[in-house]
Structures are given as C-alpha cells and as structure tokens.
Amino acid sequence: MALLEKINKPDDLKKYSVEQLLVLAKEIREEILKTVANNGGHLAPSLGVVELTLAIYRVFDGERDKIIWDVGHQTYAQKLITGRRETFSTLRTYKGISGFPKREESKYDHFNTGHSSTSLSAAAGFAIARDFKGDNYHIISVIGDGSLGAGMAFEALNYIGQLKKDVIVILNDNERSIGETVGALSQYLTKIITTRTYNRFRDDLWVFLGRFPPFIRDRARNFAKRIQEGLKGLYSPSVIFEELGFRYIGPLNGHKLNELIDTLSRVKDMHGPRLIHIVTKKGKGYKIAEESPERFHGIGPFDINTGEEKQKSNSYTKVFGDAIIKFAEKNKKIVAITAGMCLGTGLKDFSLKFPERFFDVGICEQHGVTMASALALEGYIPICAIYSTFLQRAYDQIIHDVCLQNAPVIFAIDRAGIVGEDGQTHHGPFDLSYLNCIPNMVISAPKNGEELVCLLKTAIEYRKGPFAIRYPRGNCEPPDNFDIQPVEIGKWEILNQGKEIAIIACGSMVQVCLEVLSLLQKNKINPFLINARFVKPFDYELLDRLTQEIKTIFIVEENTFIGGLGSMIALYLSNKGSTIKVHTISLPDKFIQHGARNILLSTVGLDTKSIADKIIKLL
C-alpha cells in the first residue's frame with residue numbers, strides 16, 4: 001500500500017520518519033504529475049514546494065494553526081494531504097476540486113486566493129482577531145518571491161512589523177539557487193540564531209541594556225543590533241526584513257526536508273514577526289518542467305514523456321502576439337508592458353525580438369499602468385497586455401493616471417469572460433462593467449482574429465485617449481495578412497439584414513450568434529445580426545435606425561449583465577422614451593465555478609442552443 005494512501009489528514013504526517021516522508025514526497029510528485037498531465041494545471045509551482053508543504057504540516061497543527069498560501073497555485077501537495085486525495089483526479093474539472101485554496105472546499109483552506117500578494121494582509125487580520133479572542137494558534141503565510149514584489153505585500157510587511165504580532169512568513173524563493181559553501185554557512189548560522197539559548201541571550205541583553213540611561217541605552221542597543229545584522233548580512237539578505245521588524249532566518253534549501261523540519265520547529269517557539277527564507281526549484285522532480293518552468297507554470301493536458309501539450313491551436317493570444325510584432329517592426333514608438341505574464345499574454349516572441357521595448361514589471365499591475373501613462377504622455381505607444389481579472393488590481397490607476405489625463409494607453413485585455421478551469425478568481429466577466437463608467441475610455445471587442453488585428457491597428461493610430469481591446473481565452477483563426485485597415489471608432493457591423501427583431505452581439509458572442517442565426521432561420525425567424533465591436537462609444541446612429549424597423553432587441557455578451565453593453569443600450573433607449581423591448585443575454589450576477597469553458601458557457605446559457613431557445617421562448 002502506497003504511503004500516500006495512509007495520509008487522510010495533516011496530523012498523519014507526524015507518525016512517520018523523515019525518511020518515510022521523503023518516500024511520500026516522491027509519491028506526491030507522481031500523483032501531481034499524472035493528474036496535471038491529464039487535466040492541465042499549475043505544475044511547476046506545486047512540484048517545487050512538496051518538501052516545504054510536508055515540513056509545514058509536520059511541524060504545525062493543521063487543525064488549529066492558520067496556514068495561508070499566497071496565490072494558491074502551489075497547493076496541490078497540500079490538497080493531497082488534507083483529505084482530498086480521493087478526489088484529486090477531479091482537479092480543475094467541472095464540479096471537481098479547485099486548483100486554488102477554497103474555504104468552501106476544506107477546513108484547511110483558511111483564505112480563498114487566486115491573485116497574488118494577499119496572504120500577508122490576511123495574516124495580519126487573523127493575528128489581530130486571534131489576539132482579540134485571547135487564543136494562541138500560529139499563523140503562517142507562505143508567499144513567493146514574485147508575489148512579495150507587489151506593493152500590497154510590502155504594505156503588509158511594514159504593518160506586521162509595526163504590529164509586533166506573532167506571525168510567521170515563509171518566503172518561497174524559486175528564482176535563485178544556493179551555493180554549497182554559502183548555503184552550509186547560512187544553515188549553520190540559522191541553527192545558532194534559532195536556538196533557545198541564543199534568543200534568550202539576545203532578549204536578556206536587550207533588557208539589560210534598557211537599564212542604562214537613555215543616551216547610553218539607545219547607542220548600546222543600536223550597536224548590538226548592527227553587530228547582529230552585520231554578522232547575518234555576510235551570508236543572507238536579512239537587513240531589509242530586520243529593518244521592517246522581522247527576525248530573518250535563512251536562506252534554507254527548500255528540498256532538504258530534515259533541515260526544514262528542524263528550523264520550523266525552532267522558529268515555532270519564537271515570538272514576534274519572523275521571516276524564513278526558503279529556496280526551492282520550480283518543477284522539482286520532473287526534468288522537463290525544471291528546464292522550462294515558465295511553460296509549466298500553468299499548462300494544459302500534456303504528454304508526460306515529451307512535455308508537449310496534447311491540444312495546440314491558434315488563439316486570440318497568439319494572434320495578438322504576432323500582430324504586435326508586425327506593427328512594432330514598422331513603428332518604433334510601440335512598447336509592450338505586462339505584469340509577470342510574458343508567455344501567458346503572447347509577448348514572449350516580442351520580448352526576444354525587441355528586448356529594449358519590452359517591460360515585464362512583475363506582479364505589479366498598478367505600477368505597470370501608471371508607467372504606461374507616463375510613456376504615453378511622452379509620445380510613445382504603450383500596449384499593456386494584462387488579463388481581465390488582473391487588470392482589476394490597477395483600477396485606481398486606470399481612472400486616476402490614465403483616463404483622467406486622457407493618456408493614450410492601449411489595454412490588450414486577455415482572458416475576458418469565462419476562462420475555464422482556473423475558475424472564480426480568474427474569470428474576467430467584469431471588465432466591460434468596470435471600464436464602461438470611466439470617461440475618455442474607448443472599449444472594443446473583436447469577433448475573430450482578423451478583427452483583433454484590425455482593432456489593434458485602430459488603437460495604435462487613434463492616439464486621442466485610452467483604448468481597450470478585450471478578447472476571450474479561446475481559439476480563433478489567424479488573419480491571412482496583417483496589413484488591415486483601421487475602422488471608424490464606434491461603428492458597428494451589420495452581419496445579417498433582418499426584420500422585426502435584432503440581435504446585437506459583442507466580441508466572443510458574435511460567432512456563437514452566427515450559429516444562433518442559422519437555428520432561428522430554420523424556425524422562420526430572421527433577425528438583424530449586429531457585430532457590436534465597439535462597446536463605448538457604441539453606434540447610436542445605427543441603433544436609432546434599427547429602432548424604427550424592429551420591436552425587440554436581444555443583446556448577447558460574455559460579461560456580467562450589470563453595467564455591460566446591454567445595460568447601456570437599455571438605458572439609452574429608456575432615456576429616449578423608446579417602447580422597444582430589450583432583453584440581455586449575458587453572464588449572471590454571481591461568481592461562476594471552474595470547469596471547461598464550453599461546459600460553463602452552456603451552464604450559464606451562453607451556448608448556441610440556449611441562446612436560440614431563449615429568443616424563441618421570449619418571442
């Protein structure tokens with residue numbers, strides 16, 4: 001019987017020796033690899049923290065202590081040891097377990113995550129609540145080096161250091177390695193500074209120096225602190241964390257299980273804010289992922305032997321990536337900005353061809369958007385390629401730094417609408433709503449790859465203000481060529497001349513509605529079909545003309561129905577006193593679970609049959 005089959009809860013780990021846990025680590029990696037190869041998922045991050053996961057749950061009390069995983073795409077090992085082993089094969093599938101921590105799924109998931117850099121602020125809140133209650137459980141936040149670079153994480157670090165609460169931060173650094181000599185010295189020093197004797201002496205010395213008059217006490221304490229920081233600074237980047245109020249321990253090799261368990265056991269008995277620096281390797285145990293960690297950060301189903309994805313197709317992301325290169329070859333003012341998602345946004349080839357014009361700001365969307373605004377005001381053409389769900393993080397910057405100054409920043413908004421298996425935290429159903437209400441913003445949505453290129457060309461030549469292009473995570477055919485003429489801002493396209501009713505479709509729903517049109521025509525219903533490629537400003541002239549010929553309008557969009565195109569059209573017609581009936585077919589006012597994109601669209605009624613049935617029923 002495999003050892004993994006005996007682990008039903010974290011406390012079960014305490015029954016086994018370190019040698020047995022190393023065997024368990026191998027079994028966990030095999031299970032993760034097999035499942036992700038079949039379902040897709042975040043492979044490299046989860047393979048990199050297997051030993052760290054086992055060490056944390058071996059040392060701490062999984063039932064009482066709050067262990068918070070930042071982002072959460074590295075929690076596959078955690079899921080396997082917290083009662084979800086038997087359902088792990090359903091990872092990221094419809095009605096299966098989530099690929100991220102989810103409170104509704106397990107009592108061991110203390111905070112829902114999916115976006116980065118939230119764990120430290122959550123830890124601060126939990127620590128305050130714990131102390132209000134007079135309780136004494138441990139709070140452990142596991143955060144990666146990429147997430148730590150975001151502003152919110154620094155804000156929380158600063159605040160936790162000021163609070164002086166008992167909080168443990170584990171910094172999972174997977175972007176650097178440990179040299180043998182430096183590593184050994186650092187581990188030896190770490191053992192010294194985490195012993196009870198050392199800490200008792202440190203605290204006693206602090207109290208002793210406090211007995212002297214202030215002018216002597218302060219100088220002596222400062223001198224003692226500088227000696228300590230200088231000693232530790234020989235081997236580790238501790239000073240910044242110490243200055244923020246944290247006791248720094250590390251760096252440690254994140255794959256040496258016995259040392260991790262030993263250090264965590266020592267740190268557990270310390271008090272105040274503590275930061276343990278752990279160095280891990282993304283993709284650990286699967287050579288192909290170790291060599292290509294970015295590609296295996298998030299990947300679809302793949303062949304374990306070759307590492308090749310099983311399904312490859314053209315996508316909006318690929319079309320965008322090819323188009324921006326074509327345009328940048330002719331226009332040296334074009335620069336590309338992304339926030340830690342070079343590969344995911346299709347900018348990898350651009351970064352290789354134009355490295356001096358490519359800027360990956362890390363997980364810092366706010367900084368990236370404001371930086372883009374300044375570039376735009378200086379005459380450059382910044383194109384911010386950011387997922388819809390992550391662009392939400394820079395909302396104030398979009399309003400205050402871009403739109404208020406009417407800076408001509410181009411937003412290439414990938415993963416708009418339903419994204420699929422990543423689920424609630426990654427769906428992008430809100431961008432039309434949160435951008436619609438901002439003055440000066442042009443908002444567009446292409447119906448296919450050719451129109452994506454067309455709208456990008458239009459945005460580059462527009463230069464009068466901010467311009468957003470939103471497109472889905474989906475397949476599309478690339479254009480025959482990229483020498484496409486721009487279109488007039490705000491003008492829609494009539495795809496079918498009909499009578500009595502009109503279907504106004506936006507973006508990804510245009511292709512769906514072409515199929516709907518075919519079903520309706522079989523039922524002797526022949527509507528106008530309009531491609532609403534501009535959401536703001538929309539085609540008032542065409543809409544006014546339509547209302548003279550029709551009685552009913554159906555607006556179909558892959559956006560929440562509150563604040564989207566349907567809301568704008570209904571408000572416009574209502575203010576004009578129109579008696580036209582308006583029906584919006586869109587995403588519901590609720591968070592949508594994870595699952596394959598086609599399944600989810602069917603579930604919410606945005607597939608061909610559901611849309612056609614609804615139109616026929618309402619008519």
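Quick caveat: nothing in here was measured; it's all calculated off a predicted structure.
Contact record, P382 with A372: CG-O, 3.2 Å, taken as the closest heavy-atom pair. Contact between S117 and A150 at its shortest, heavy atoms only, is OG-CB, 3.0 Å. Contact between P588 and T560 at its shortest, heavy atoms only, is O-OG1, 3.9 Å. Summarising the geometry of L519 relative to A612, their closest heavy-atom pair is CD1-CB, 3.9 Å, with the distance given to 0.1 Å. Heavy-atom minimum distance, I398 versus I438: CG2-CD1, 3.9 Å. Across all non-hydrogen atoms, the minimal contact from P537 to F534 is O-CB, 3.4 Å.
In this structure, E309 does not pair ionically with R295, as no charged nitrogen and carboxylate oxygen lie closer than 4.0 Å. A salt bridge links D544 to K576: one of the charged nitrogens lies within less than 4.0 Å of a carboxylate oxygen. Checked for salt-bridge contact, E421 and R597 miss the test: no charged N lies under 4.0 Å from a carboxylate O. A salt bridge links E461 and K457; the closest N-O separation between the charged side-chain nitrogens and carboxylate oxygens is under 4.0 Å. Ion pairing between R473 and D414 fails under the 4.0 Å rule for side-chain N and carboxylate O. Look at D322 and K318 and you find a salt bridge, because one of the NZ, NE, NH1 or NH2 atoms lies within 4.0 Å of a carboxylate O, short of that distance. Between K447 and E493 a salt bridge is recorded (basic side-chain N to carboxylate O distance below 4.0 Å). Ion pairing between a basic and an acidic side chain is recognised when a charged N comes within 4.0 Å of a carboxylate O; R533 and E451 show such pairing.
Residues V402 and N440 are not in side-chain contact: their nearest non-hydrogen atoms beyond the backbone lie 4.5 Å or more apart. For the pair V419 and Y387, the minimum side-chain heavy-atom distance is 4.5 Å or more. I381 places a side-chain heavy atom less than 4.5 Å from the side chain of N331. With contacts defined as side-chain heavy-atom distances shorter than 4.5 Å, the pair I553/K581 does not qualify. Between F100 and T75 there is no side-chain heavy-atom pair separated by less than 4.5 Å. Residues E477 and E450 fail the side-chain proximity criterion, which asks for heavy atoms closer than 4.5 Å. Using a 4.5 Å cut-off on side-chain heavy atoms (C-beta onward), D145 and N172 make no contact. Side-chain contact between I550 and I501 is absent, with no heavy-atom pair separated by less than 4.5 Å.
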| query | Going through the checks in order, is the salt bridge (charged side-chain N to carboxylate O under 4.0 Å, His left out) test met by E294 and K348? | reply | CA-CA 11 Å; E294 186 178 15; K348 186 67 175 181; 3.3 Å; yes
| request: Check the pair V512, M509 against side chain to side chain contact (heavy atoms under 4.5 Å, CB included), reporting the backbone distance first and the verdict last. | output: CA-CA 5 Å; V512 176; M509 290 294 104; 3.9 Å; yes
| request: List the steps and the verdict of side chain to side chain contact (heavy atoms under 4.5 Å, CB included) for E549 and K499. | output: CA-CA 7 Å; E549 303 179 39; K499 60 181 180 179; over 6 Å; no
| side chain to side chain contact (heavy atoms under 4.5 Å, CB included) evaluation trace for F561 with I555 | CA-CA 10 Å; F561 79 89; I555 300 103; over 6 Å; no
| request: In sequence, state the C-alpha distance, the side-chain angles, and the governing distance for N448 and V319, and then conclude on side chain to side chain contact (heavy atoms under 4.5 Å, CB included). | output: CA-CA 10 Å; N448 55 26; V319 170; over 6 Å; no
| Given the rule in the side chain to side chain donor-acceptor pair (under 3.5 Å) test, do S586 and E557 qualify, once you have shown the distances and angles that lead to the verdict? | CA-CA 5 Å; S586 57; E557 57 184 326; 4.7 Å; no
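Enclosure of atom CG in N575 by more than 12 non-hydrogen atoms of other residues, nucleotides or ligands within 6.0 angstrom is indicated. For Y380, the OH atom sits in a loose shell: 12 or fewer heavy atoms of surrounding residues, nucleotides or ligands are nearer than 6.0 Å. Counting heavy-atom neighbours within 6.0 Å of K464 NZ, excluding the residue itself, gives a total of 12 or less. Within 6.0 Å of atom CZ in R463, more than 12 heavy atoms from other residues, nucleotides or ligands are found, so the atom counts as buried in its surroundings. For Y159, the OH atom sits in a loose shell: 12 or fewer heavy atoms of surrounding residues, nucleotides or ligands are nearer than 6.0 Å.
Residues H427 and H594 keep their aromatic ring centres 6.0 Å or farther apart. The aromatic ring centroids of F411 and F467 lie 6.0 Å or more from each other. When ring centroids are compared, F538 and Y572 come within the 6.0 Å threshold. Aromatic rings from F390 and H115 are positioned such that their centres are separated by under 6.0 Å. Taking the centre of each ring, F354 and F350 come in below the 6.0 Å mark. Checked against the 6.0 Å centroid criterion, the rings of F296 and H42 do not qualify as a close aromatic pair.
For the side chain to side chain contact (heavy atoms under 4.5 Å, CB included) with H583, the qualifying choice from I503, V556, T552, I615 is T552, the only one to do so. Partner of D431 under the salt bridge (charged side-chain N to carboxylate O under 4.0 Å, His left out) criterion, chosen from R470, K536, R415: R470. A side chain to side chain contact (heavy atoms under 4.5 Å, CB included) with I413 is found for exactly one of L391, T389, I386, I443, namely L391.
The main-chain N or O of R103 is found under 3.5 Å from a side-chain atom of N112 such that the two form a donor-acceptor pair.
For the atom pair I569 CD1 and T547 OG1, the distance stands at 11.5 Å (nearest 0.5 Å). Taken to the nearest 0.5 Å, the OG atom of S315 stands 7.0 Å off from the CG atom of N475. Here the straight-line distance linking atom CG of L157 with atom CZ of F241 works out to 6.5 Å at 0.5 Å rounding. K102 NZ to T425 OG1: the interatomic distance, rounded to the nearest 0.5 Å, is 9.0 Å. Q74 CD to W69 CH2: the interatomic distance, rounded to the nearest 0.5 Å, is 6.0 Å. N531 contributes atom CG, which lies 8.0 Å from atom CG of L529 (distance to the nearest 0.5 angstrom).
Under the side-chain contact (heavy atoms from CB on, under 4.5 Å) criterion, S116 pairs with D70, V71, S147, I363, R393, sequence neighbours left out.
A donor-acceptor pair shorter than 3.5 Å cannot be found between the side chains of S433 and N436.
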